[in-house]
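To start, the structure itself, in structure tokens.
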2 protein chains.
Amino acid sequence: MAKPTKLPADFKLLLEKGDKIYQTGISVDCVVFGFHENALKILLIKVNYINKWALPGGFIQKDENVDAAAYQILKERTGINNIFLQEFSVFGSPHRSDASVHQNRYQEYGVKIPKDNWLMQRFITVGYFALIDFTEVELMQESYLEGCNWIDINKVGPLMMDHENIVSKALETLRNQIAYTPIGKNLLPKKFTMPELQKLYETILNKKLDRRNFQRKMIGFGILNRLSETRKGGAHKAPFLYTFNDKKYQKALKEGLYGSW
Amino acid sequence: MAKPTKLPADFKLLLEKGDKIYQTGISVDCVVFGFHENALKILLIKVNYINKWALPGGFIQKDENVDAAAYQILKERTGINNIFLQEFSVFGSPHRSDASVHQNRYQEYGVKIPKDNWLMQRFITVGYFALIDFTEVELMQESYLEGCNWIDINKVGPLMMDHENIVSKALETLRNQIAYTPIGKNLLPKKFTMPELQKLYETILNKKLDRRNFQRKMIGFGILNRLSETRKGGAHKAPFLYTFNDKKYQKALKEGLYGSW
DNA sequence: TTTATATTGTGTCATAGTAACACAATGGAA
DNA sequence: TTCCATTGTGTTACTATGACACAATATAAA
């Protein structure tokens, strides 16, 4: 792929008019979780000119809801509309953002960003995490500068700026939520088996769970429908397929799974 | 109290140089919880010119950590340095902020804020909640425009802008946290009785708890020291005083109280 | 066709945690 | 001295959890 030498129009617009279009000094970054081949993965973007991976992120338009901005970013990257998205933390260290990232990006085109440009200031970012069904995603490789890819959560290398920290916090939040919120509907395909669901839990929690106790607990939550179908293919007894009971799942989402206290 | 007619210097500075000092378009609001006379209360500020109460809030300096900004705001209001503070949510609707609040404030001095002034734009706010020991607070009544007061959480009237929403979310977060995080150290005085601790829990959870089961559970957490002293004063058996075991409390803070999953 | 293998479906038992409940002890008021 | 409100403590039934065993079955190998 040949590297263009002329500054693309959208890059020029961002640089020159960005501060008229977007909220300045604030951004959104998304940690997108997907589950595939028994591994928890996150969506990362390759930033070529610094040879590092980064979280998909972007800015907030002046009249745009912050949540909407996050949705928009993910829609552009994954093509999915109905994404489970949740804000989990704000990253507000004055030194977290690194203006040189923008400098390097524009330097590729021989453009030097003026020091007083809006992109050069300190940025506070709002972290969102998303849970999406891996099978429904078609990654958009729209930009010639950047690639988009699923990376195993255990194989995430050095990331841009403080993005490793953002990923850690997202994962921690996900782990906490799993204890009192139903998980799985957004990460698994419509039909799935109990072992698949268990693997998801084991992956997120990073520990082995007892097969029998897990099943009992899950069934006990009353949010699953067992189908009469089974998933054949393995050289062993075929496991039943399950779907989530949407109504009860929604109820559990609101009320939580443990009524303790 | 006579109303000054001349624009105070700090108001003038905020208006004219605020965008050089602070991050624009982003603010911090704090929901400060305290416990007094068996009631959960929050700290509110009376905004005279709109005759409503509001959360203590403020802006973030250009080189200031967002957390630090929240600490600073609370220090100014309560005089307390070591405050338990936690960011809990971002409020990012494009219509949540109301420029007329600022307009009205300055109108008191006959000053009309220009439409393109930084204060007139849409603001995203970061919500923090704080837990503080009521007995250590001395409220600062520094401003001639605003009063600061503790309001019973059940008697909070209409608040400025979306602040009611922010309070609800903070309370919800507190209720969720209580289930897996030790609470009380920051809200109660050093020495307290079991009935007092129970009242705190009952107030936050808004439900009655069984006295005997509550005590067993609390003792079971292993984060309390029972003193040999008792609190006399009531026409009944004097309850023992307790303190938190700092070391174990800190450990529980990190690891949570239930290891489930 | 038969046998082997991996993995699933289901059940039991001991233990820990929780909810519901009762009675003796005591500081101060009557 | 008696009474009352409230505290300290213990018991019992029930539910949830962790540890564990055996029968059933879809494919692969013999």
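Predicted model only: the values in this text are computed from it and were never measured. Below, read A as the first sequence line, B as the second, and so on, with proteins coming before strands; counting in each chain starts at 1.
- Protein atom CD of A:E196 is 13 Å distant from nucleotide atom C1' of C:dT8, rounded to whole Å.
- The separation between B:I219 atom CD1 and C:dA16 atom P is 19 Å, rounded to whole Å.
- Residue-to-nucleotide proximity on DNA chain D shows that, of A:G233 and B:F240, the 5′-proximal contact is made by B:F240.
- Contacts of A:R231 with the nucleic acid, taken as non-hydrogen atoms under 4.0 Å apart, are absent.
- Partners of A:H236 according to the ring pair (Phe, Tyr, Trp, His ring centres under 6.0 Å) rule, which considers only residues two or more places apart in sequence or in another chain, do not exist here.
- By the 4.0 Å N-to-carboxylate-O rule, A:K190 lies too far from A:D133 to be salt-bridged with it.
- Residues A:R226 and A:I219 are not in side-chain contact: their nearest non-hydrogen atoms beyond the backbone lie 4.5 Å or more apart.
- If you take CE of A:M218 and P of D:dT17, they are 11 Å apart, rounded to a whole angstrom.
- Atom CG in B:L257 sits roughly 14 Å away from atom C1' in C:dG17 (whole-Å rounding).
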Give the table of side-chain donor-acceptor pairs shorter than 3.5 Å for residues 150-165 of chain A, with sequence neighbours excluded, one pair per line with atom names and distance.
{"residue": "A:D152", "atom": "OD1", "partner": "A:N154", "partner atom": "N", "Å": "2.8"}
{"residue": "A:D162", "atom": "OD1", "partner": "A:R96", "partner atom": "NE", "Å": "3.4"}
{"residue": "A:D162", "atom": "OD1", "partner": "A:R96", "partner atom": "NH2", "Å": "3.1"}
{"residue": "A:D162", "atom": "OD2", "partner": "A:R96", "partner atom": "NE", "Å": "2.7"}
{"residue": "A:H163", "atom": "ND1", "partner": "A:L55", "partner atom": "N", "Å": "3.0"}
{"residue": "A:E164", "atom": "OE2", "partner": "A:L159", "partner atom": "N", "Å": "3.0"}

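- With rounding to whole Å, A:F214 atom CZ is found 17 Å from D:dA19 atom C1'.
- Residues passing the side-chain contact (heavy atoms from CB on, under 4.5 Å) test with B:N245, sequence neighbours excluded: B:N225, B:K247, B:K248.
- For the pair B:A235 and B:Y242, nearest-nucleotide mapping onto DNA chain D gives the more 5' position to B:A235.
- Listed pair A:K217 / D:dA16 fails the phosphate criterion, with no side-chain N or O lying under 4.0 Å from OP1 or OP2.
- Between B:K208 atom NZ and D:dT6 atom P the separation is 10 Å, expressed in whole Å.
- Computed from coordinates, the A:R226 CZ to C:dG9 P distance equals 7 Å when rounded to whole Å.
- Not a single ring pair (Phe, Tyr, Trp, His ring centres under 6.0 Å) links B:Y71 to another residue, sequence neighbours left out.
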Just distance, no hydrogens or angles: give the donor-acceptor pairs under 3.5 Å from side chains in residues 27-39 of chain A, sequence neighbours left out.
{"residue": "A:S27", "atom": "OG", "partner": "A:T125", "partner atom": "OG1", "Å": "2.8"}
{"residue": "A:D29", "atom": "OD2", "partner": "A:T125", "partner atom": "OG1", "Å": "2.8"}

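- For the pair B:L209 CG and C:dA19 C1', the interatomic distance rounds to 12 Å; values are reported in whole Å.
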For nucleotides 20-25 of chain C, list the nitrogen or oxygen atoms of the protein found under 3.5 Å from its nitrogen or oxygen atoms, one pair per line.
{"residue": "C:dA20", "atom": "N7", "partner": "B:N213", "partner atom": "ND2", "Å": "3.1"}
{"residue": "C:dA20", "atom": "N6", "partner": "B:N213", "partner atom": "OD1", "Å": "3.3"}
{"residue": "C:dA20", "atom": "N6", "partner": "B:R216", "partner atom": "NH2", "Å": "3.4"}
{"residue": "C:dC21", "atom": "N4", "partner": "B:R212", "partner atom": "NE", "Å": "3.3"}
{"residue": "C:dA22", "atom": "N7", "partner": "B:R212", "partner atom": "NH1", "Å": "2.8"}
{"residue": "C:dA22", "atom": "N6", "partner": "B:R212", "partner atom": "NE", "Å": "3.4"}
{"residue": "C:dA22", "atom": "N6", "partner": "B:R212", "partner atom": "NH1", "Å": "2.7"}

